[in-house]
Amino acid sequence: MQPGNVTVLAAQSGVGKSTLALNAAVAAAKTGAKVMFSSLEMSGTEIMQKITAAEGKIPLHHLTHQGGLTADGWETVRRLGPELFQSLPLRIYRPDGASLTDIASAARACARADGLDLLVVDYLQLVETAQSRTTTREQAVAAVSRGLKNLSVQLDCHVIALSQLNDDGLVRESRAIKNDASVVIKVERPDADDKESARAGEVGLVIEKNRFGPTSCVTVAAQLHYSQYVDMTHT
Ligand SMILES: Nc1ncnc2c1ncn2[C@@H]1O[C@H](COP(=O)(O)OP(=O)(O)OP(=O)(O)O)[C@@H](O)[C@H]1O
């Protein structure tokens, strides 16, 4: 994750890009990287539930439904809570507003206080700019994309920006997203639309653009009930 650069994770709605980004954020924090995960979509509680499910191997619905946790589950939560949400250099941020300015000032504050190596923004099309109401949607999205690139340079951190794809698999609204990014990874889950797919359970991470290396496709296994992806060899 090169500082001053943006990686875009693009997927259609519901494929699991937030899950992948959270897995990446936690994995980076475990290596000591200082991470801020900002979501315009999920509440802080939802994010913590997803992280706990993945790290504790607790079915996500046990955490999200009142009374769903078993005694073992409670014990895992009690043990993992401090490890994940106090010791790891991972900040979860749910902005009050949805503006790029909100995210940028929180990221700056984080960088000043603790340092910042990785900023995750979930997701780009929900971010507003001051000009959002007076420009076309495409121009507004391009401004957010450019703003995140500038932020990565100013704060010398890496940015992972999630992006919603439309049904044709195109990055919704703006080609600028692809231009500003150094790496573009498209997330494909064949069984998202076709439960009978021969590739059910698989997720393709298609590296469509890579300024630092070759383009390729990595296949991982989805364990979305645990809110995580794992290597195919671990299934
Ligand atoms: N308990 C569960 N068991 C199985 N699959 C689940 C469970 N919870 C969520 N999922 C799957 O995970 C997907 C949501 O994952 P995630 O929120 O990471 O996707 P996303 O691409 O970020 O979604 P969105 O487009 O809503 O932002 C759901 O569409 C569902 O298929």
Side-chain angles (χ1 to χ4, degrees), residues 7-28 35-70 72-73 76-77 90 92-95 98 103 118-128 141 144-145 148 159-174 177 181 184-197 199-206 208 218-230 234-235:
T7 293
V8 167
L9 285 185
Q12 288 175 10
S13 177
V15 164
K17 54 189 179 306
S18 303
T19 302
L20 183 64
L22 269 176
N23 287 182
V26 172
V35 182
M36 182 176 128
F37 190 100
S38 62
S39 175
L40 297 169
E41 193 172 48
M42 291 181 285
S43 67
T45 303
E46 287 171 322
I47 293 170
M48 287 162 81
Q49 287 169 336
K50 280 172 86 73
I51 292 174
T52 306
E55 294 300 306
K57 304 283 176 289
I58 301 171
L60 182 59
H61 65 275
H62 287 196
L63 289 156
T64 53
H65 290 76
Q66 209 171 6
L69 268 181
T70 61
D72 282 353
T76 306
V77 170
L90 171 67
I92 294 163
Y93 175 64
R94 175 70 166 93
I103 294 170
L118 172 65
L119 167 67
V120 183
V121 178
D122 183 8
Y123 62 86
L124 207 147
Q125 284 85 357
L126 292 180
V127 181
E128 291 171 0
V141 169
V144 173
S145 169
L148 290 176
V159 171
I160 295 180
L162 278 59
S163 181
Q164 193 94 289
L165 290 175
N166 65 21
D167 290 344
D168 300 325
L170 299 170
V171 174
R172 189 173 274 178
E173 280 124 3
S174 180
I177 296 171
V184 176
I185 302 173
K186 192 164 145 191
V187 186
E188 294 177 338
R189 183 156 63 87
D191 63 7
D193 291 326
D194 175 13
K195 298 278 173 251
E196 305 303 318
S197 166
R199 292 182 59 210
E202 290 183 18
V203 171
L205 306 180
V206 185
E208 289 195 338
V218 178
T219 303
V220 295
Q223 295 184 340
L224 288 169
H225 55 295
Y226 288 150
S227 207
Q228 71 171 4
Y229 296 99
V230 293
H234 292 174
T235 57

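In listed order, ligands and their atoms are each counted from 1. Excluded from the calculations below are hydrogen atoms, water molecules and symmetry mates; all remaining heavy atoms, backbone and side chain alike, are included.
- Counting heavy atoms from C-beta outward, E188 and L165 have side chains that stay 4.5 Å or more apart.
- Protein heavy atom at the shortest distance from atom 22 (O) of ligand 1 is S18 OG, 2.6 Å.
- At a 3.5 angstrom cut-off on N or O pairs, Y123 does not count as close to ligand 1.
- In the vicinity of S13, heavy-atom distances shorter than 4.0 Å reach the ligand 1 atoms 25 (O).
- Residue contact annotation: A11 has no non-hydrogen atom under 4.0 Å from ligand 1.
- Ranking protein heavy atoms by distance to atom 1 (N) of ligand 1, first place goes to H225 CA, 3.9 Å.
- Backbone and side-chain nitrogen or oxygen atoms of L60 are examined, and none is located within less than 3.5 angstrom of a nitrogen or oxygen of ligand 1.
- When heavy-atom distances to ligand 1 are checked against a 4.0 Å cut-off, Q164 comes that close only through its side chain, counted from C-beta outward.
- Residue L224 holds the heavy atom nearest to atom 9 (C) of ligand 1 of all those in L63, D122, L162, L224.
- Closest approach of A161 to L124, counting heavy atoms only: CB-CD1, 3.7 Å.
- Annotation: side chain of Q12 is not in contact with side chain of R189 (no heavy-atom distance under 4.5 Å).
- Neither the backbone nor the side chain of H65 has a heavy atom within less than 4.0 Å of ligand 1.
- With distances taken over non-hydrogen atoms, the option nearest atom 13 (C) of ligand 1 out of S39, G14, G16 is G14.
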For this session: Apply side-chain contact (heavy atoms from CB on, under 4.5 Å) to L205 and V187, showing your working.
Result: CA-CA 5 Å; L205 306 180; V187 186; 4.1 Å; yes

